[in-house]
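Note sheet for the following structure.
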Amino acid sequence: MAFFTTLTSRTFSHSAMMSNSIKNVTVIGSGLMGAGIAQVAAQTGHSVIMVDIDDALVSKAQKRIQDSIQRVAKKKFGENEEASKFISESLSHLTTSTDAVTSVGSADLVVEAIVENLDIKKKLFMQLDKAAPSHTIFASNTSSLSIAKIADATDRKDRFGGLHFFNPVPVMKLLEVVRIAETSQDTYDAMCGWGKAMGKVTVECKDTPGFIVNRLLVPYMFEAVRILERGDASARDIDTAMKLGAGYPMGPFELMDYVGLDTGKFIVDGWHKEFPDESIFNPSPLLNKLVEEGKLGVKTGEGFYKYKK
Ligand SMILES: CCCCCCCC(=O)CC(=O)SCCNC(=O)CCNC(=O)[C@H](O)C(C)(C)COP(=O)(O)OP(=O)(O)OC[C@H]1O[C@@H](n2cnc3c(N)ncnc32)[C@H](O)[C@@H]1OP(=O)(O)O
Ligand SMILES: NC(=O)C1=CN([C@@H]2O[C@H](COP(=O)(O)OP(=O)(O)OC[C@H]3O[C@@H](n4cnc5c(N)ncnc54)[C@H](O)[C@@H]3O)[C@@H](O)[C@H]2O)C=CC1
């Protein structure tokens with residue numbers, strides 16, 4: 001079945017599930033997060049364009065979305081006709097593109113989920129700022145960077161904020177909504193309204209490093225790496241301990257492999273530069289070695305653990 005279409009013109013179909021002012025959504029980046037955000041936006045009736053830098057990456061994302069949406073449909077409807085209808089309707093709301101600039105022409109909201117690098121994000125938003133309509137809200141899904149610094153690249157700081165989703169997006173219920181000093185109340189309300197229309201529970205957070213979840217989660221993950229580096233316990237035993245002793249669904253090494261070791265390294269390197277006196281953010285020789293070897297976790301088939309491709 002041809003599940004996806006490439007971008008021609010944006011079609012829009014109303015959905016009873018959608019009661020917010022944001023209808024047309026462009027998601028830039030189709031990796032782990034961008035694909036998940038685009039999927040959920042399409043599932044909730046928004047007209048979505050998902051963008052990446054080349055066709056191969058877009059195709060890979062489409063495959064992940066197909067797998068994921070089938071799991072969502074099965075959970076919602078079992079294996080009856082409703083499930084196929086849900087899948088085909090959701091996917092009919094989703095188009096793809098490899099041209100970020102033209103993809104924002106009719107967007108109400110742009111969600112950026114590209115690599116965790118301030119300069120690259122700023123460069124992208126600078127280009128998009130010229131191409132998007134004046135009403136368009138810009139949001140970054142950054143895990144660790146300052147929203148204000150990213151917004152500096154644009155002339156629309158009142159229409160800029162953070163929308164931080166969690167992986168896997170179709171499953172995780174939380175959305176951190178981050179405002180900067182200039183974010184207008186209308187923008188903030190629209191972001192929260194959209195979060196709810198996406199089926200998420202929103203929490204408000206100031207533009208501080210790591211917002212709420214990552215300010216707690218990243219030091220925890222890095223303490224686990226230090227335990228392993230010192231040889232005090234194995235990765236497997238640390239994971240077992242945190243699952244059975246603290247009730248976490250995944251241990252810290254399983255979770256690092258799941259989110260991507262490259263993303264983990266980008267975060268910690270950035271914070272080490274910004275807060276050199278906080279030893280918890282010192283570089284980890286083990287993490288650096290794995291990333292250098294291209295062992296980025298589940299997405300490359302190996303990280304702290306090996307995975308079947
Ligand atoms: C070094 C520092 C790095 C820091 C990086 C920062 C990253 C960030 O900025 C913020 C983040 O996202 S942090 C990560 C947050 N995510 C987590 O903590 C996930 C923890 N794991 C889990 O919840 C479950 O193992 C999980 C839900 C993943 C899987 O659950 P199970 O192990 O029970 O496996 P399943 O039985 O396969 O799945 C359970 C239910 O979920 C459904 N499902 C799972 N994956 C799905 C997906 N991708 N798409 C759609 N549905 C999915 C699955 O169908 C199943 O549903 P039920 O049938 O109702 O059980
Ligand atoms: N991995 C995770 O669990 C989470 C990550 N985040 C954040 O989300 C963002 C994306 O992370 P992931 O999806 O994990 O990364 P990823 O590496 O899986 O995907 C990033 C995608 O962006 C694409 N890209 C890079 N530059 C681009 C550009 N100029 N235009 C269009 N596409 C471009 C890449 O080709 C790649 O496909 C990062 O800021 C990360 O910190 C936020 C929450 C959780």
Side-chain angles (χ1 to χ4, degrees), residues 26-40 43 50-54 56-61 64-76 78 97-101 103 111-125 127-128 140-145 150 162-176 210-225 242-243 248-271 281 284 287 290-291 296-300 303-304:
T26 298
V27 181
I28 318 273
S30 73
L32 286 178
M33 296 306 291
I37 297 165
Q39 175 189 333
V40 175
Q43 274 171 213
M50 178 179 73
V51 184
D52 212 303
I53 49 181
D54 65 40
L57 287 163
V58 168
S59 300
K60 215 168 140 193
R64 272 205 317 279
I65 291 175
Q66 271 179 37
D67 292 346
S68 173
I69 210 162
Q70 273 162 5
R71 294 173 81 174
V72 173
K74 192 171 170 195
K75 192 162 151 187
K76 265 174 155 351
S97 170
T98 53
D99 183 347
V101 169
S103 75
V111 183
E112 166 274 314
I114 66 169
V115 62
E116 187 73 343
N117 176 297
L118 181 62
D119 292 336
I120 299 176
K121 286 187 194 284
K122 283 179 78 167
K123 192 173 163 212
L124 173 73
F125 276 118
Q127 290 167 342
L128 301 184
S140 175
N141 182 54
T142 179
S143 297
S144 66
L145 299 171
I150 304 172
L163 285 170
H164 185 224
F165 287 87
F166 294 83
N167 185 20
V169 182
V171 178
M172 303 302 282
K173 287 273 171 239
L174 186 67
L175 174 63
E176 291 177 330
F211 315 127
I212 301 172
V213 172
N214 285 345
R215 185 64 187 87
L216 298 171
L217 196 58
V218 174
Y220 152 74
M221 285 171 164
F222 264 71
E223 271 306 331
V225 174
M242 292 315 291
K243 285 189 287 188
Y248 285 37
M250 284 176 170
F253 295 99
E254 291 167 333
L255 188 55
M256 278 186 275
D257 275 358
Y258 192 68
V259 299
L261 302 192
D262 49 344
T263 299
K265 180 171 157 54
F266 286 134
I267 294 172
V268 166
D269 286 353
W271 284 356
F281 303 133
S284 149
L287 182 74
L290 290 169
V291 171
L296 307 183
V298 178
K299 63 184 170 188
T300 58
F304 288 101

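Ligands are counted one by one from 1 in listed order, and the atoms in each one are counted from 1 as well.
- Residue contact check: Gly29 has heavy atoms under 4.0 Å from atoms 22 (O), 32 (N) of ligand 2.
- Numbered from 1 in the order shown, with element, the atoms of ligand 1 that lie under 4.0 Å from a heavy atom of Val72 read 50 (C).
- Regarding atom 37 (O) of ligand 1, its nearest protein heavy-atom neighbour is Arg71 NH2, 2.7 Å.
- Proximity of atom 49 (N) of ligand 1 to the protein is indicated by at least one non-hydrogen atom lying closer than 4.0 angstrom.
- At a distance under 4.0 Å, a protein heavy atom can be found next to atom 57 (P) of ligand 1.
- Using modelled atom types, one finds a donor on one side chain and an acceptor on the other under 3.5 Å when comparing Gln43 with Gln39.
- In this structure, the protein non-hydrogen atom closest to atom 40 (C) of ligand 1 is Lys75 NZ, 4.6 Å.
- Closest heavy-atom contact between Val225 and Met256: CG2-CE, 3.5 Å.
- One option in Met172, Glu116, Met250 has a heavy atom closer to atom 21 (N) of ligand 1 than any other, and that option is Met250.
- Of all the heavy atoms of Thr263, the ones lying under 4.0 Å from any atom of ligand 2 belong exclusively to the side chain.
- Counting heavy atoms under 4.0 Å from ligand 1, residue His164 touches it through the side chain alone.
- Only the side chain of Asn167 comes within 4.0 Å of ligand 2, counting heavy atoms alone; its backbone N, CA, C and O stay farther away.
- Counting only heavy atoms from C-beta outward, the side chains of Leu128 and Ile28 approach each other to under 4.5 Å.
- Ranking the protein heavy atoms by distance from atom 42 (C) of ligand 1 puts Val171 CG2, 3.8 Å first.
- Counting protein heavy atoms only, atom 19 (C) of ligand 1 is closest to Asn167 O, 3.7 Å.
- Residue contact check: Gly264 has heavy atoms under 4.0 Å from atoms 1 (C), 2 (C), 3 (C) of ligand 1.
- Residue Phe222 has at least one heavy-atom neighbour below 4.0 Å for each of these atoms of ligand 1: 1 (C).
- Judged by the shortest distance from any of its heavy atoms, Thr263 lies outside the 4.0 Å radius around the atoms of ligand 1.
- Under 4.0 angstrom from ligand 1, there are no non-hydrogen atoms of Leu287.
- The closest approach between a heavy atom of Ala100 and any atom of ligand 2 is not below 4.0 Å.
- Listed by number with element, the atoms of ligand 1 under 4.0 Å from a non-hydrogen atom of Phe166 are 10 (C), 11 (C), 12 (O).
- In this structure, atom 24 (C) of ligand 1 lies nearest to the protein heavy atom Pro249 CB, 4.1 Å.
- The shortest separation from a heavy atom of Lys123 to ligand 2 is not under 4.0 Å, leaving the residue out of contact.
- Interface of Thr142 with ligand 2, defined as ligand atoms under 4.0 Å from a residue heavy atom, comprises 39 (O).
- Atom 2 (C) of ligand 1 has its closest protein heavy atom at Met221 SD, 3.2 Å.
- Look at Lys60 and Asp52 and you find no salt bridge, because none of the NZ, NE, NH1 or NH2 atoms lies under 4.0 Å from a carboxylate O.
- Near Ile28, meaning under 4.0 Å from one of its heavy atoms, ligand 2 places the atoms 30 (N), 31 (C).
- For atom 18 (O) of ligand 1, the closest non-hydrogen atom on the protein side is Leu255 CD1, 3.6 Å.
- Using 4.0 Å as the threshold, Phe165 has a heavy atom nearer than that to some atom of ligand 2.
- The nearest protein heavy atom to atom 26 (C) of ligand 1 is not closer than 4.0 Å.
- Under 4.0 angstrom from ligand 2, the non-hydrogen atoms of Asn141 come from both its backbone and its side chain.
- Val213 does not count as a contact of ligand 1, since none of its heavy atoms falls under 4.0 Å from the ligand.
- Heavy atoms from both the backbone and the side chain of Ser68 come within less than 4.0 Å of ligand 1.
- If you look at Leu217 next to ligand 1, the close heavy atoms, those under 4.0 Å, all belong to the side chain.
- Residue His164 places a heavy atom under 4.0 Å from ligand 2.
- If you number the atoms of ligand 2 from 1 as listed, the ones under 4.0 Å from a heavy atom of Lys299 come out as 17 (O), 18 (O).
- Close contacts of ligand 2 with Lys121, meaning ligand atoms under 4.0 Å from a residue heavy atom, involve 38 (C), 39 (O).
- In summary, the atoms of ligand 2 found under 4.0 Å from a heavy atom of Leu57, numbered by their order in the structure, are 35 (O).
- Counting heavy atoms closer than 4.0 Å to ligand 1, residue Lys74 contributes nothing at all.
- Tyr248 does not count as a contact of ligand 1, since none of its heavy atoms falls under 4.0 Å from the ligand.
- Looking from atom 8 (C) of ligand 1 to the surrounding protein, the closest heavy atom is Asn214 ND2, 3.4 Å.
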